[in-house]
Every structure is written in structure tokens, then in C-alpha cells.
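All remarks here apply to the structure that follows.
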Amino acid sequence: MTPEGPWLPGAPEEERARQAVKSLPPPLADPAFRERLKAEFSSGAILARGERTRVAVVPTAVPWWRAFLSLPRLWIPAAAAAAAAVALAIGMMNQGPAWTVVSVRGSGVARIDGTPVDLSAREELSRRITPGVQLEVPEGAEIDLVAGKTLAVLVTPGTELTVPPTPARWFGRETDLYVRRGILRFTTGRDFPGSMLCVHTPEAMAEVTGTTFTVICDPEIGTCVCVYEGVVRVGLKSGKDMVSVPGGMRRIVYNDERPPVVREIRRDGRVHLGHFHEEMGPVLK
Amino acid sequence: VRARDPEALGAFYERYFDRVYGLAYRLLGDRAAAEDAAQDVFLKMHRAADRIDPDRDPEPWLLTITTNVCRDLWRSGAHRMSRRSTSIDEDPVTGGMALPSPGKSPEGELLASERERLTQEAITRLPENLREAVILREYQGLGYDEIARMLGINEAAARKRHSRALAELGRHLKGLI
């Protein structure tokens, strides 16, 4: 049995890929190369790569621009400045979309990094919900957050989380969300493929590459991850015992000695996720 | 080996060459680059021979050096140029070498070789960090803790990279194998 256990129906391609890599035969080196290197290694005559292919250079007339490039004092600072500017521009263009509050249901006062913000002040809320802040949603209210066409999260009453950076455009597309208690529903959008979201709770971790699912973090019991469609890998917070949970199933990771279990998702959970998926579908397309 | 005795170095080489070359080949995807990498690894090994701890298995250290050398190589223009030139006259996967598979029919041989070619191509298309994770885990059979130590990352990150690599490989190979 694989470490993922029996829950692999959603990822047969991954299992096939794993087997294909595992069964790659050892490549044969060219016997002449092998013997030559052995002789050089044993005798101490082995050479560095740069020393292996020395080419005689015939001096020729040097054009002015080559002469300029040969003066390190001039072009090194210029090249460094240009590289820094390009890196800065790429870094800015690579940034993922900002979080937007698309709707708030109910009323009350949320706490953002400990600062109370009235839920009726939508602009203030949107301005303050940025990556890295601690968000506490009061009982009796819920917030829909959307990051461009990438990801939508419904934060239900009484949930506490750290708002994650949104997945970047080209590189750095992995993002981590930390939830201490409460219920979060997620659905991924058009621009999510190629990204990975890791949801961490006090006892569990879920890895997502594109799907609709709920994370229920109950300090009394543990964490339950309910998957509506696609596959979510769920395991212990250490990253061990990761299991692929397919659509229609949930995995519960207890915060006591009991081993995690996989069950079918409850009907009400499926209905909530279905509504959220339908509601957010047009927003994320 | 610490005294750089030629006979001991020869025995050391015989013991570890296949592991080093095999890892380099699977990471880089072509023979010329794998040969360059193997040569660099054994050069570094030769230079550090007097610092080898006789009580410890040198294999993890050798595999770490191999991974680092491969990383340097594929970031260098030399590797890209060598890939371009070898692709003209060589099979990019086997590097022109026949891979032995005793007991297989010609058809079976052909299928296995095609499967290997597609798999290696898909591996070569992975970003380097994912490629390292999947090769070290599935091809070299290392644990996540060993991979994490070798790559200088934590265990959870090693698992994550491995999982992403499999997902991407699965996508690349879908319908092909």
C-alpha cells in the first residue's frame, strides 16, 4: 500500500507518474568515459570542468563596445542597477491579486490584528484585510473574500485565521493559510491551476491544487476537511499521513489520540458547499 | 581513501559511480551533462578525501554534492548549449546508449524504452526544485527527512515539493503512459 493509503481514486495519474519514475532503469554510462574518469580519479589527475576544454584564443582587433565591457568598473554597477530594476519590476508584476471583500452578511465588529472594525464599514474592512493580518469574524456574521479569479473564501461566524498571501502570477505560487478555529469554505477559480494552497490548523494540514472544500476547525474535536469536488490531500500538521480525499468525502483529524478517519460528507455540508460553489463560480470565471 | 591511495580510490569509485551518474543523468536528462556532473562530483570528492569521516556513510554526502553540481550545471548556459547540441545527433533520453532489459521481447523493449523516454522528458520539464524532490524520493528511494537535509529545506516543504512534482508529472504524462 502507498503512503497515501487507499484514498487515491482522484489521482490515478499521479500514481502512474510515481510508478513511472520509480521504475526508471539505471542509465548506462559510456564505458570509455567511465574508465577514463576512474583512472583520473584514482591517480589524482582528475580535472575541473573549466580545465577540460581549453581553447587557444587568437588576439584580434577589439571593437569599442568590447573595450567598454572589459572595464568592470564601468559596466558592473550599470548591470547591477539594471538587474535590480528588472528584478523589482518582475517582483511587482508577479504579485497576486489583492483580497477583496465581496459581501458581508450579518452585523457586528470584526477584529483585524486586534483592531475592532465595524462590519458595516466595508471599505475600511477591505483596506485592512491584507496578507498576514489576523482576522476574527464575530458570531452572527460572515464574510466572502475573493482574490481576483484565483480563490474565494467564505469566513463563517466565530472564525479566527491569518489571511494568506494570494498565489503569485508566475512563481512563488504556494500559499499558506492558518486557521485557529471556525469554518472556512474555499473554491478555486480560473487562475488557480499551477498554484497550491496549504491550510494549516492546530492539528492538521490540507494541500489543495484546485477544488471546492470546507475546513472545519473545532478546538474541542479537531479538524474536518470536507471535499465537494476534486481532491484535497489531508494529513497531520507535521505533513505526515497525507491522504488524498476525493469529492464527496471528508477526513477528520482528531486533536486527541484517535487516528484520522475518512467518511462521506454530510448532506448539509454538501448543500452549503454547493451553494458557495454556485455563488462564487461566476465571480471567479 | 583518506590517504588517496589509488587502489582504495578505485574501489570507492566503483562503489558509488553508478549512484552518482544515475542521479545526475535523471536530473539533467542528457549524457554529456551527466558526465560533466559526475566528473565534478568526483573531483570535489578527491579534493575533500582527507576530510571524509570513516565512521559515516559517504553516500548521502555524495548525493548532496551531485544534486548541487546538477543545480549549478542546469543554471549555466553550458548545460543549455550542450542540450541543444546533443539533441541534434542523439536520443535525448538514452544518450544513444542501449539500456539492457534482459528477457524482454523486442516489442516489450520498445515499449519500455518509449515509456522511459516520455517519463524522462516529463521530468526534464519540471522546475528544478520539483525535479529534485521527485527524483530523490522515487528514483533514489530517499525519505523526506533525508531529502529535506540534502536540499536545506524542512520536511513539510520536501513533502509539498514531491506532491507538486507528482501532480505536474501526472498532468504531463496523462494519456501518454
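Contacts between L169(B) and chain A at a heavy-atom distance below 4.5 Å involve backbone atoms as well as side-chain atoms. Interface remark: K240(A) contributes backbone and side-chain atoms alike to the contact with chain B (heavy atom separation under 4.5 Å). Within the 4.5 angstrom heavy-atom criterion, atoms from both the backbone and the side chain of A38(B) approach chain A. Proximity to chain A (any heavy atom under 4.5 Å) is shown, for F42(B), by both the backbone and the side chain.
Listed here is the closest heavy atom pair of A17(A) and G170(B): CB-N, 3.8 Å. Taking every heavy atom of both residues into account, H46(B) and G44(A) meet most closely at NE2-CA, 3.4 Å. Looking at every heavy atom in both residues, A20(A) comes nearest to R115(B) through CA-NH2, 3.7 Å. The nearest pair of heavy atoms linking P25(A) to Y139(B) is O-OH, 3.7 Å.
For the atom pair CZ of F41(A) and CZ of F17(B), the computed distance is 11.5 Å after rounding to the nearest 0.5 Å. From I135(B), atom CD1 reaches atom CG of L24(A) across 6.5 Å, with rounding to the nearest 0.5 Å. The distance from atom OG of S163(B) to atom CE of M196(A), rounded to the nearest 0.5 Å, is 4.0 Å. S43(A) OG to R4(B) CZ: the interatomic distance, rounded to the nearest 0.5 Å, is 12.5 Å. Here R18(A) contributes atom CZ and R137(B) contributes atom CZ; the two are 7.5 Å apart, rounded to the nearest 0.5 Å. D30(A) contributes atom CG, which lies 7.5 Å from atom OH of Y21(B) (distance to the nearest 0.5 angstrom).
Every residue meeting the salt bridge (charged side-chain N to carboxylate O under 4.0 Å, His left out) condition with D176(A), not counting sequence neighbours, appears here in chain and number order: K160(B).
You'll find the side chain of R36(A) reaches within 4.5 Å of the side chain of Q39(B), heavy atoms only. Considering only heavy atoms from C-beta on, E13(A) stays 4.5 Å or farther from L173(B) through its side chain.
Contact tally against chain A (heavy-atom pairs below 4.5 Å) for Q140(B), E168(B), E14(B), R19(B): the top residue is E14(B).
More than 12 heavy atoms of other residues, nucleotides or ligands sit less than 6.0 Å from atom NZ of K149(A).
Between R164(B) and E174(A) there is a salt bridge, with a side-chain nitrogen of the basic residue lying less than 4.0 Å from a carboxylate oxygen of the acidic one.
In this structure, Y13(B) contributes its side chain and R34(A) its backbone to a donor-acceptor pair below 3.5 Å.
For S238(A) and E155(B), the side-chain atoms include no donor-acceptor pair closer than 3.5 Å.
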